[in-house]
Undergrad: 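Have a look at this one before I ask anything.
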Amino acid sequence: QVRLVESGGGLVQAGDSLRLSCTASGRTFSSNAMAWFRQAPGKEREFVATISWSGDSINYADSVKGRFTISRDNAQNTVYLQMSRLKQEDTAVYYCAGGRTAYRSSSLSAYNYWGQGTQVTVSS
């Protein structure tokens, strides 16, 4: 059974940093793109960041560019999201996603494996 398990979420103040991790089990994702999405209450799930299989191609949503950094460790089957200068509008459940192909994409449909999500709450 393939599982993606996120960790690292929590309650922080605006301006703080958090590091999310997502570890896969049941199969390797070293040949697949990985991504982070998020979903705030009452809103649709939205793209945050994506990374190609090799890590050399990365893309971010405009809202997090310059504040968030996605990275991966294929040996550990893990993808990370380093979040800094957090804002209240970053409050959401963050989901890790495993891609259908090796190439990064900001589209939900490009991912066929999803974690259960981890809550990030940013207070003022």
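Only a predicted model underlies this, so the values are computations on that prediction, with no experimental measurement involved.
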Undergrad: Identify whether Met34 and Tyr80 are in the same connected component of the hydrophobic contact network (ILVMFWY, side-chain heavy atoms under 4.5 Å).
TA: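 They do not share one cluster, since no chain of ILVMFWY contacts under 4.5 Å joins Met34 to Tyr80.
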Undergrad: Taking CZ in Arg100 as the centre, count heavy atoms belonging to other residues, nucleotides or ligands within less than 6.0 Å. Is the count above 12?
TA: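 Result for CZ/Arg100: enclosed.
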Undergrad: Please find the pair of heavy atoms, one from Phe29 and one from Gly98, that lie closest to each other, and give the distance.
TA: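 Result for this residue pair: CE2-CA, 3.7 Å.
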Undergrad: Among Leu11, Thr91, Leu20, which residue satisfies the side chain to side chain contact (heavy atoms under 4.5 Å, CB included) criterion with Val120?
TA: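 Exactly one candidate clears the test, Leu20.
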Undergrad: Quick one: do Val79 and Tyr94 end up in the same hydrophobic cluster if we chain Ile, Leu, Val, Met, Phe, Trp and Tyr together by side-chain heavy atoms under 4.5 Å apart?
TA: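 Same hydrophobic cluster.
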Undergrad: Thr118 and Tyr95: side-chain donor and acceptor closer than 3.5 Å?
TA: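 Looking only at side-chain atoms, Tyr95 and Thr118 do not form any donor-acceptor pair under 3.5 Å.
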Undergrad: Which atom names give the shortest non-hydrogen contact between Glu6 and Gly115, and what distance separates them?
TA: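 Here Glu6 and Gly115 meet closest at OE2-CA, 3.2 Å.
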Undergrad: Does the side chain of Arg38 reach to within under 4.5 Å of the side chain of Glu46, using non-hydrogen atoms?
TA: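 Yes - at least one pair of side-chain heavy atoms lies under 4.5 Å apart.
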Undergrad: Kindly indicate whether the side chain of Leu108, heavy atoms from C-beta on, has any atom under 4.5 Å from the side chain of Trp114.
TA: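 Yes - at least one pair of side-chain heavy atoms lies under 4.5 Å apart.
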Undergrad: Would you find more than 12 non-hydrogen atoms of other residues, nucleotides or ligands less than 6.0 Å from Glu44 atom CD?
TA: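 Incorrect, the count does not exceed 12.
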Undergrad: Side chains of Gln119 and Thr121: any donor to acceptor distance under 3.5 Å?
TA: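 The criterion, which ignores hydrogens and geometry beyond distance, is satisfied for Gln119 and Thr121.
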Undergrad: Just verifying a value: how many Å separate Met83 CE and Arg67 CZ, rounded to the nearest 0.5 Å?
TA: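 It comes to 9.5 Å.
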Undergrad: Leu86 and Tyr60: same hydrophobic cluster, using ILVMFWY side-chain contacts below 4.5 Å?
TA: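 Hydrophobic grouping puts Leu86 with Tyr60.
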Undergrad: Supply the atom-to-atom distance Arg72 CZ to Asn77 CG, rounded to the nearest 0.5 angstrom.
TA: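 Going from CZ on Arg72 over to CG on Asn77, the span is 8.0 Å.
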Undergrad: Would you say that more than 12 heavy atoms from the other residues, nucleotides or ligands in this model lie under 6.0 Å from the NZ of Lys65, or not?
TA: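 Yes.
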Undergrad: Quick one: CZ on Arg27 to CZ on Arg3, what's the gap to the nearest 0.5 Å?
TA: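 One finds 15.5 Å between CZ of Arg27 and CZ of Arg3.
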Undergrad: According to a 4.5 Å side-chain heavy-atom criterion applied to Ile, Leu, Val, Met, Phe, Trp and Tyr, with indirect links allowed, do Val64 and Val12 form part of one hydrophobic cluster?
TA: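 Yes: a chain of side-chain contacts under 4.5 Å links Val64 to Val12.
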Undergrad: What distance separates Ser71 OG from Leu81 CG, expressed to the nearest 0.5 Å?
TA: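 Output value for this atom pair is 8.5 Å.
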Undergrad: Have Ser107 and Ser105 got a donor and an acceptor in their side chains that come within less than 3.5 Å?
TA: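 No, Ser105 and Ser107 have no side-chain donor paired with an acceptor closer than 3.5 Å.
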Undergrad: Using only heavy-atom distances, determine whether the side chains of Arg104 and Ser52 contain a donor-acceptor pair under 3.5 Å.
TA: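 No.
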Undergrad: Taking the ring of Trp36 and the ring of Phe68, is the distance between their centroids below 6.0 Å?
TA: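 Between Phe68 and Trp36, the centre distance exceeds or equals 6.0 Å.
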Undergrad: Distance check, rounded to the nearest 0.5 Å: Gln13 atom CD versus Ser123 atom OG?
TA: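 The OG atom of Ser123 is 5.0 Å from CD of Gln13, to the nearest 0.5 Å.
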Undergrad: Find the distance between OG1 (Thr50) and CD1 (Ile58) and round it off to the nearest 0.5 Å.
TA: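 Going from the OG1 atom of Thr50 to the CD1 atom of Ile58 covers 9.0 Å.
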Undergrad: May I ask you to say whether Arg85 pairs ionically with Asp16, meaning some side-chain N is under 4.0 Å from a carboxylate O?
TA: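 No, no charged N to carboxylate O under 4.0 Å.
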Undergrad: Leu4 and Cys22: which non-hydrogen atoms are nearest, and at how many Å?
TA: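 Scanning both residues completely, I find the closest heavy atoms to be CB-SG, 3.9 Å.
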Undergrad: How about Ser21 and Thr78: does a side-chain donor come under 3.5 Å of a side-chain acceptor?
TA: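 Judged by distance alone, the side chains do not pair up.
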Undergrad: Kindly work out whether a path of hydrophobic side-chain contacts (I/L/V/M/F/W/Y, heavy atoms less than 4.5 Å apart) joins Trp53 to Phe47.
TA: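 No, Trp53 does not connect to Phe47 through the hydrophobic network.
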